[in-house]
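Residue numbers run from 1 in the order of the sequence given. In this text the structure is predicted, and so the values were computed from the model without any measurement.
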Amino acid sequence: MARFPLLSSFFCLISIFAASALAFNVSTITFDEGYSPLFGDGNLVPSSDGKSVRLLLDRFTGSGFISSDYYNHGLFSASIKLPSDYTAGIVVAFYTSNGDMFEKTHDELDFEFLGNIRGKKWRLQTNMYGNGSINRGREERYTLWFDPSQEFHRYTILWTQTKIIFYVDEVPIREMVRNEAMGSDYPSKPMSLYATIWDGSSWATAGGRYKVAYKYAPFVSEFHNLTLHGCPVDPIQFLQRFSDVDVCQAKTAELDAADFAVITPERRAAMRKFRQQYMTYSYCYDTVRYPVPPPECVLIPSEQKRFKETGRVIKFSGAAHRRRHRPSKRSRTRSGSNNIINAGNTSAM
């Protein structure tokens, strides 16, 4: 009987996710319409219809692709399935950047998926850099309510002139609203979209304790439902205030007015539930690195109390870590909760 409140909380979580997870009304493109190989050509395998692409990592090379254009703001999205089984040391990244054009003042918005040893979950990290502020990392790290290696899930970066939102399956998991105090730390120069898989053995899993085990290679990540919704520009001409500026004003206004740019009350509730259940690190609560939180941080007391001064979670609040003093009931509760998550995921996501 004691497990019923816990199960109810998971039913509530899934119902909130379902209410916020209506698909965005955006069009997809083929690989050739919007992308080019970046590296590891032999390990980059588009489908015959161009609607999806596989990226492979083996002992010789990883692989990646890049958008053919730079964009001044946009919605960047793909449905992604990650490698399964033993994935320690692997990093799959889906991100925007202009580092190849502005080496010392680059901007960047990241989804980074960090592999793990067998039986442990993939971890998801988001990050933001503005104007070369690499000494001020803005990392948040999470687990997920599903296994990202078993089926495709959609990951989306929205970047406008006023806000940045990271979505998972149309559920917002992080929002940064621009303010004057951020200054040039807010990404403001045109960026390309990247997708890569590579060997992060030196840091990705337990600080580098676990390396990529190439006896399990090749490791395959798959991308489909590719979306680039924004204003393509020439970055040099744009910064010199040529005609692209006027063109992008209309596109930017369109982005700001779109459904996916608004966090409705239902989406706000889903985001808070996600962060309460699955966020395991936040730079905003890391007072060791930042005694004064960076200016974009919005400290939420109910969220903050879960974290140590290092920004790491005190005790994960999900089902797997509850009722430690009664192992047998915890095992039954964990099993039931996982079934609910899986059942809800099929209908809601």
So, do [X] and [Y] sit near enough that their side-chain heavy atoms are less than 4.5 Å apart?
X: L56; Y: V220; result: yes
X: K189; Y: T105; result: yes
X: S221; Y: F219; result: no
X: L299; Y: P293; result: yes
X: V91; Y: L114; result: yes
X: P295; Y: N179; result: yes
X: I314; Y: R306; result: no

For the side chain of [X] and the backbone of [Y], is there at least one donor-acceptor N/O pair under 3.5 Å apart?
X: N225; Y: A78; value: no
X: R154; Y: E170; value: no
X: N98; Y: P190; value: yes
X: T287; Y: E309; value: yes
X: D107; Y: M191; value: no

Is it the case that the side chains of [Y] and [X] hold a donor-acceptor pair, with the cut-off being a distance below 3.5 Å and no angle test?
X: Y285; Y: E303; answer: yes
X: D58; Y: N43; answer: yes
X: D147; Y: S149; answer: yes
X: S47; Y: D49; answer: yes
X: R118; Y: Y216; answer: yes
X: E108; Y: H106; answer: yes

Item to check | Stepwise side chain to side chain contact (heavy atoms under 4.5 Å, CB included) check, W159 with Y186 | outcome: CA-CA 10 Å; W159 169 48; Y186 189 87; 4.0 Å; yes
Checklist entry - Can you tell which of I90, T143, N116 makes a side chain to side chain contact (heavy atoms under 4.5 Å, CB included) with W122? => result I90
Checklist entry - Taking only residues two or more places apart in sequence, or in another chain, which ones meet R174 in a salt bridge (charged side-chain N to carboxylate O under 4.0 Å, His left out)? => result E140
Item to check | Steps toward side chain to side chain contact (heavy atoms under 4.5 Å, CB included) verdict (R123, T205) | outcome: CA-CA 9 Å; R123 290 147 304 141; T205 308; 3.8 Å; yes
Is there a path of hydrophobic side-chain contacts, each under 4.5 Å between heavy atoms of I, L, V, M, F, W or Y residues, that connects [X] with [Y]?
X: F102; Y: Y70; result: yes
X: V171; Y: I300; result: yes
X: F166; Y: Y129; result: no
X: M101; Y: V233; result: yes
X: M176; Y: F94; result: yes

Describe, in one word, how the ring planes of [X] and [Y] are oriented to each other, choosing from parallel (under 30°), tilted (30 to 60°) and perpendicular (over 60°).
X: W145; Y: Y278; result: tilted
X: W203; Y: W198; result: tilted
X: Y142; Y: F274; result: tilted
X: F113; Y: Y155; result: perpendicular

Atom [atom1] in [X], atom [atom2] in [Y]: separation rounded to 0.5 Å?
X: Q161; Y: S188; atom1: CD; atom2: OG; value: 11.5 Å
X: K163; Y: I263; atom1: NZ; atom2: CD1; value: 6.5 Å
X: L228; Y: I29; atom1: CG; atom2: CD1; value: 4.0 Å

Next on the checklist: Determine whether the aromatic ring centres of residues F65 and F31 are separated by less than 6.0 angstrom.
Outcome noted: yes
[X] and [Y]: which non-hydrogen atoms are nearest, and at how many Å?
X: T252; Y: H73; value: OG1-ND1, 3.6 Å
X: I173; Y: T126; value: CD1-CG2, 4.2 Å
X: I165; Y: E175; value: CG1-CG, 4.2 Å
X: E296; Y: M182; value: CB-SD, 3.6 Å
X: Y281; Y: R289; value: OH-NH1, 2.9 Å
X: R267; Y: D259; value: NH2-OD2, 2.6 Å

Checklist entry - Given S201 and D199, is the side-chain hydrogen bond (donor to acceptor under 3.5 Å, both in side chains) satisfied, shown in steps? => result CA-CA 6 Å; S201 291; D199 186 328; 2.6 Å; yes
Next on the checklist: The test is side chain to side chain contact (heavy atoms under 4.5 Å, CB included); show your working for Y283 and N127 and say whether it passes.
Outcome noted: CA-CA 10 Å; Y283 74 106; N127 208 344; over 6 Å; no
Checklist entry - In chain order, what residues pass the ring-ring contact (aromatic ring centres under 6.0 Å, His included) check against Y194, with sequence neighbours excluded? => result Y95
